[in-house]
Amino acid sequence: MKSAVVVFPGTNRDKDMTRALEGASGQAPVLVWHKDTEIPKVDLIVLPGGFAHGDYLRAGAMAARSPVMREVVARAERGVPLLGVCNGFQALTEAGLLPGALLRNADLKFVCRTVTLRVENSQTLFTGRFEAGETFETPVAHMDGNYFIDTEGHKRLADNGQIAFRYAEGAAAGPANPNGALDDIAGVFNETKTVLGLMPHPEDATDPLHGGTDGRKLFDGIVEALS
């Protein structure tokens, strides 16, 4: 599986994502700068976490308007799978590729700890290695992860199986929902399930040195689906 990781000024999880993708696929991703207007032919495009453009205006707002995003949107519209993690998730909502918005955490504090996620839809190219209802542990680190969508949009997400992950009770310490997200939503798909955005960082749970390897299943499943 060939992949590309988009890097914005302020991105800081590109190396973590690169290691996770290379560990699962055996191939190092291509790094694409935010001012680039072309992306090599790849099977997967990833927007990693960080603080693109310092999160000025709104988290992900400036990243969504970077030159490279015209090509990211075009590829997504042609069905190329697209993954956005944390700041990448925020950029995908700002670009209109995923529904809803990421608001400031409900307690107005940065959160950095492990959470438990429950898989809500396992019938996608991203989640095929999981069982529906399965839980796993992964880190979060964000200030603006409070997912919100209006009532009509929330119903569409639920009816169309677009809720990917919810925060759940589990082994992780602290409140299950770390940011006040509506309906405990931690990640969502687009309508065709070819775009996934999530606030937690599964790329930081792929090595025993991280304290856990639960995130490997996500990347192994993606490679299996796209190879």
Subject >> Any side-chain heavy-atom pair of R19 and T206 under 4.5 Å >> reply: no
Subject >> Shortest non-hydrogen contact between P99 and I149, atoms and distance >> reply: CB-CD1, 3.8 Å
Original post:
Looking at S227 and V223, what are the two nearest heavy atoms and their distance?
Top reply: OG-O, 2.6 Å
Original post:
Minimum heavy-atom separation for A52 to N87, with atom names?
Top reply: N-OD1, 2.7 Å
Subject >> Within-4.5 Å side-chain heavy-atom neighbours: M143 and D55 >> reply: no
Contacts table for residues 21-32: side-chain donor-acceptor under 3.5 angstrom, sequence neighbours left out:
unit_1 : atom_1 : unit_2 : atom_2 : d
S25    : OG     : L21    : O      : 2.8
S25    : OG     : Q27    : N      : 3.1
S25    : OG     : Q27    : O      : 3.1

**OP:** To the nearest 0.5 angstrom, please state how far the NZ atom of K2 sits from the CG atom of D43.
**Re:** 7.5 Å
**OP:** Using a 4.5 Å cut-off on heavy atoms from C-beta on, say whether the side chain of M62 contacts that of E94.
**Re:** no
**OP:** Any chance you could measure I39, atom CD1, to I45, atom CD1, to the nearest 0.5 Å?
**Re:** 4.0 Å
Original post:
Looking at NZ of K109 and CG of N179, how far apart are the two atoms once the value is rounded to the nearest 0.5 Å?
Top reply: 14.5 Å
Original post:
For residues 42-67, which residue pairs qualify under ring-ring contact (aromatic ring centres under 6.0 Å, His included), counting only residues two or more places apart or in two chains?
Top reply: H34-H53
**OP:** For Q162, check side-chain hydrogen bond (donor to acceptor under 3.5 Å, both in side chains) against everything at least two apart and list the hits.
**Re:** N160
Original post:
Looking at P139 and A205, what are the two nearest heavy atoms and their distance?
Top reply: CD-CB, 4.1 Å
Original post:
Looking at E224, E131, E134, which one forms a salt bridge (Lys or Arg N to Asp or Glu O under 4.0 Å) with K217?
Top reply: E134
Subject >> Single-linkage hydrophobic cluster L97~L125, side-chain heavy atoms < 4.5 angstrom >> reply: yes
Subject >> Closest non-hydrogen atom pair, V46 against P48 >> reply: O-CD, 3.5 Å
Original post:
Taking all non-hydrogen atoms of both residues, which atom of L226 and which atom of P81 are closest, and how far apart?
Top reply: CD2-CG, 3.8 Å
Original post:
To the nearest 0.5 Å, what is the distance between CG (L157) and OH (Y147)?
Top reply: 4.5 Å
Subject >> Side-chain touch L44/M1, heavy atoms, less than 4.5 angstrom >> reply: yes
Subject >> Beyond-backbone contact of D214 with T138, side-chain heavy atoms, under 4.5 angstrom >> reply: no
Original post:
Do L103 and L92 share a hydrophobic cluster (ILVMFWY, side-chain heavy atoms under 4.5 Å, transitive)?
Top reply: no
Original post:
Picking from E169, E137, R166, what satisfies side-chain hydrogen bond (donor to acceptor under 3.5 Å, both in side chains) with T116?
Top reply: E137
Subject >> Check against side chain to side chain contact (heavy atoms under 4.5 Å, CB included), I185 and H154 >> reply: CA-CA 10 Å; I185 292 173; H154 184 201; 4.3 Å; yes
Subject >> Between CG on residue D183 and CD on residue E120, distance to nearest 0.5 Å >> reply: 8.0 Å
**OP:** Give a yes or no answer on whether the side chain of S66 reaches the backbone of M69 with a donor-acceptor pair at less than 3.5 Å.
**Re:** no
**OP:** Check whether any side-chain N or O of N105 sits under 3.5 Å from a backbone N or O of G145 as a donor-acceptor pair, and report yes or no.
**Re:** yes
Subject >> Contacts of K155 that satisfy salt bridge (Lys or Arg N to Asp or Glu O under 4.0 Å) - sequence neighbours left out >> reply: D159
Could you give the side-chain donor-acceptor pairs of residues 194-201 under 3.5 Å, partners two or more places apart or in another chain?
unit_1 : atom_1 : unit_2 : atom_2 : d
T194   : OG1    : N190   : ND2    : 3.2
T194   : OG1    : T192   : OG1    : 2.9
H201   : ND1    : E203   : OE2    : 2.7

Subject >> pair F165-F126: side-chain heavy atoms closer than 4.5 Å >> reply: no
Original post:
Do F219 and M17 have side-chain heavy atoms sitting under 4.5 Å apart?
Top reply: yes
Subject >> Spacing of E38 atom CD and R70 atom CZ [to the nearest 0.5 Å] >> reply: 11.0 Å
Please list, one pair per line, the donor and acceptor atoms closer than 3.5 Å that link side chains of residues 7-14 to other protein atoms, with sequence neighbours excluded.
unit_1 : atom_1 : unit_2 : atom_2 : d
T11    : OG1    : F8     : N      : 2.9
T11    : OG1    : F8     : O      : 3.1
R13    : NH1    : D204   : OD2    : 2.1

Original post:
When hydrophobic residues are tied together by side-chain contacts of less than 4.5 Å, even through go-betweens, does V42 share a cluster with W33?
Top reply: yes
Original post:
Side chains of L218 and R129: closer than 4.5 Å at any heavy-atom pair?
Top reply: no
